[in-house]
Amino acid sequence: MALLEIIDLAVEFKSRAGTVHAVDGVNLYLEAGKVLGIAGESGCGKTTTMLSIPRLLPRNADIIGGKILFNTENLLLKSEEDMEKIRWRQISVIFQGAMNALNPVKTIGSQIGEAIFHHEPRVSRADVSRRTSELLDMVGIASARSSSYPHEFSGGMRQRVMIAMALACHPQLVIADEPVTALDVMVQAQILNLLKSLCAQLGLSMILISHDLSVIAETCQRAAIMYAGKLVEQGRVEQLFNQPAHPYTQRLLRAFPNIYAAKKFLVGIPGYPPNLVNPPLGCRFFERCHVRLEQCKTSEPQTITVEPDHLAACHLLRETKQ
Ligand SMILES: Nc1ncnc2c1ncn2[C@@H]1O[C@H](COP(=O)(O)OP(=O)(O)OP(=O)(O)O)[C@@H](O)[C@H]1O
Ligand SMILES: [Mg+2]
């Protein structure tokens, strides 16, 4: 059974330029104990989709439609008070860029302790101190370092602290938004290995957002590709990497080194994603698509099953199936 199911999610932002249709009709699921990857270019709606789950979107955002079922309960119908109990204790987030937002004048230990206290106010000081040491140990930082300040840590260590904070209240689901983006390749591998082993050790489920497909391939069992607020393709990682069905996924794969395929020259995708204040009528990838059909300009492609557990939204698939 799915731990998380997102059904037809739509999110808008009010901005001075107009209403931004940031997420439009996203359907997605995650099974317990699994890691799901979300990829796509900057601005395609990855963060917005995922912050809708714990309802931590900015104030100018509105979830205008859909359901988010977590353990079969629709989080969009919960009161703010109920959500407070779910956040961090059941669903936690490693925010994009958060390792640079640690409080510079507080020790690492006290910041992890605060995270525990905030969500479990009745816990004793001794327990907080013990749990802080355990959490640091779990992410590979000597507990003696809990009295250090963020500036005394490397980027990789600060990201480990963020992971410790996300795990502070034993969540079932962790949403990690670009957790390795600002780190060098060696440290990226260490942090990804840490996340993978924590998932296995603690039976965690995780959503890993990354614009980098090689990070997704390394870490996830299933992945979903977003483009301009839409989910264009999803499936098991081997399916997506070996037989990408959507032209956008195909182009994205050619733009990144692929550990599953023979070495090829990397080719970028010409052009830019469309403006989400006035998204195009038909397929949102139309302007940049190398195999577009006439109908793609005006008619929106429906999501079809390419093979079991492999879905994609492209007119070409229907044409070739017929
Ligand atoms: N607070 C906001 N106000 C108005 N528009 C926003 C806001 N936050 C995001 N957007 C818009 O919503 C769309 C989706 O943004 P989002 O941050 O979810 O993308 P993303 O895929 O996470 O990108 P990145 O890879 O750069 O993190 C973009 O068009 C963005 O400009
Ligand atoms: Mg983002």
Side-chain angles (χ1 to χ4, degrees), residues 4 6 8-28 30 36-66 68 76 91-101 159 162-163 166 174-183 188 191-192 195 206-217 219-220 223-234 240 246 248-249 251-253 255-256 268-269 271-280 283-288 313:
L4 175 82
I6 299 180
D8 226 5
L9 181 72
V11 186
E12 288 179 353
F13 287 101
K14 296 276 178 283
S15 79
R16 255 184 284 167
T19 301
V20 183
H21 304 278
V23 175
D24 191 0
V26 163
N27 288 288
L28 201 56
L30 168 66
L36 169 72
I38 310 288
E41 272 162 291
S42 183
C44 67
K46 304 181 295 294
T47 298
T48 307
T49 305
M50 292 309 144
L51 291 188
S52 304
I53 301 167
R55 298 202 349 230
L56 285 170
L57 290 166
R59 274 164 176 265
N60 60 334
D62 267 323
I63 298 179
I64 55 159
I68 297 179
L76 300 184
I91 302 174
S92 71
V93 182
I94 301 168
F95 289 98
Q96 187 164 7
M99 68 180 197
N100 300 318
Q159 193 57 289
M162 297 318 298
I163 296 169
V174 175
I175 298 169
D177 196 350
E178 304 275 7
V180 297
T181 300
L183 304 170
Q188 281 196 358
I191 297 288
L192 291 175
L195 286 171
M206 185 166 75
I207 297 175
L208 180 91
I209 306 176
S210 178
H211 64 279
D212 184 339
L213 286 172
S214 50
V215 165
I216 303 268
T219 322
C220 307
I225 311 291
M226 290 192 72
Y227 185 75
K230 296 265 181 198
L231 216 153
V232 296
E233 184 163 0
Q234 62 178 300
L240 286 190
H246 197 285
Y248 179 59
T249 316
R251 296 303 299 259
L252 206 55
L253 279 168
F256 278 96
I269 311 175
Y272 298 96
N275 183 338
L276 295 181
V277 174
N278 278 313
C283 175
R284 294 191 177 182
F285 190 54
F286 177 79
E287 286 295 336
R288 303 167 83 190

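This one's a predicted model, so the numbers in the text were calculated from it and none came from an experiment. Count residues from 1 along the sequence. Just follow the structure's listing: the first ligand is 1, and inside any ligand the first atom is 1.
- Counting atoms of ligand 1 from 1 in the listed order, those under 4.0 Å from a heavy atom of Ala22 are 12 (O), 13 (C).
- Side-chain contact check for Asp212 and Ser214: at least one donor-acceptor pair (N or O, by modelled atom type) lies under 3.5 Å.
- For atom 25 (O) of ligand 1, the closest non-hydrogen atom on the protein side is Lys46 NZ, 2.8 Å.
- At least one N or O atom of Ser42, backbone or side chain, sits closer than 3.5 Å to an N or O atom of ligand 1.
- Ring pair Phe285/Tyr227 is perpendicular by interplanar angle, where above 60° counts as perpendicular and below 30° as parallel.
- If you check which protein heavy atom lies closest to atom 14 (C) of ligand 1, you get Gly43 O, 3.5 Å.
- Residues Leu195 and Pro179 meet the side-chain proximity criterion, which asks for heavy atoms closer than 4.5 Å.
- With hydrogens and angles left out, the side-chain atoms of Glu41 and His211 include no donor and acceptor closer than 3.5 Å.
- Asp24 and Arg284 are joined by a salt bridge, as a carboxylate oxygen and a charged side-chain nitrogen come within less than 4.0 angstrom of each other.
- Residue Gly40 places no heavy atom under 4.0 Å from ligand 1.
- Not a single N or O atom of Pro58, backbone or side chain, sits closer than 3.5 Å to an N or O atom of ligand 1.
- The protein heavy atom nearest to atom 3 (N) of ligand 1 is Asn60 ND2, 2.9 Å.
- Put simply, the side chain of Ile53 reaches to within 4.5 Å of the side chain of Leu4, judged on heavy atoms.
- Between the side chains of Gln96 and Thr47, at least one donor-acceptor pair of N or O atoms lies under 3.5 Å.
- Note that atom 31 (O) of ligand 1 has no protein non-hydrogen atoms nearby, at separations under 4.0 angstrom.
- Within the listing of ligand 1, atoms 29 (O) sit less than 4.0 angstrom from a heavy atom of Leu276.
- For the pair OE1 of Gln96 and OG1 of Thr47, the angle at the Mg ion (ligand 2) is about 90°; rounding is to 10 degrees.
- Nearest-residue assignment for atom 16 (P) of ligand 1 (options Thr48, Ile209, Thr49; heavy-atom criterion): Thr48.
- Within a 4.0 Å radius of atom 7 (C) of ligand 1, the protein contributes at least one heavy atom.
- Nearest protein heavy-atom neighbour of atom 22 (O) of ligand 1: Thr47 OG1, 2.7 Å.
- Among residues two or more places apart in sequence or in another chain, the side chain to side chain contact (heavy atoms under 4.5 Å, CB included) test is passed with Asp62 by Lys14, Ile64.
- The only option from Arg251, Gln234, Glu233 that meets the side chain to side chain contact (heavy atoms under 4.5 Å, CB included) definition with His246 turns out to be Glu233.
- Residue contacts with ligand 1 include Gln96, since one or more of its heavy atoms lies under 4.0 Å from the ligand.
- Side-chain contact between Val232 and Met226 is absent, with no heavy-atom pair separated by less than 4.5 Å.
- Scanning the protein heavy atoms around atom 4 (C) of ligand 1, the nearest turns out to be Phe13 CB, 3.5 Å.
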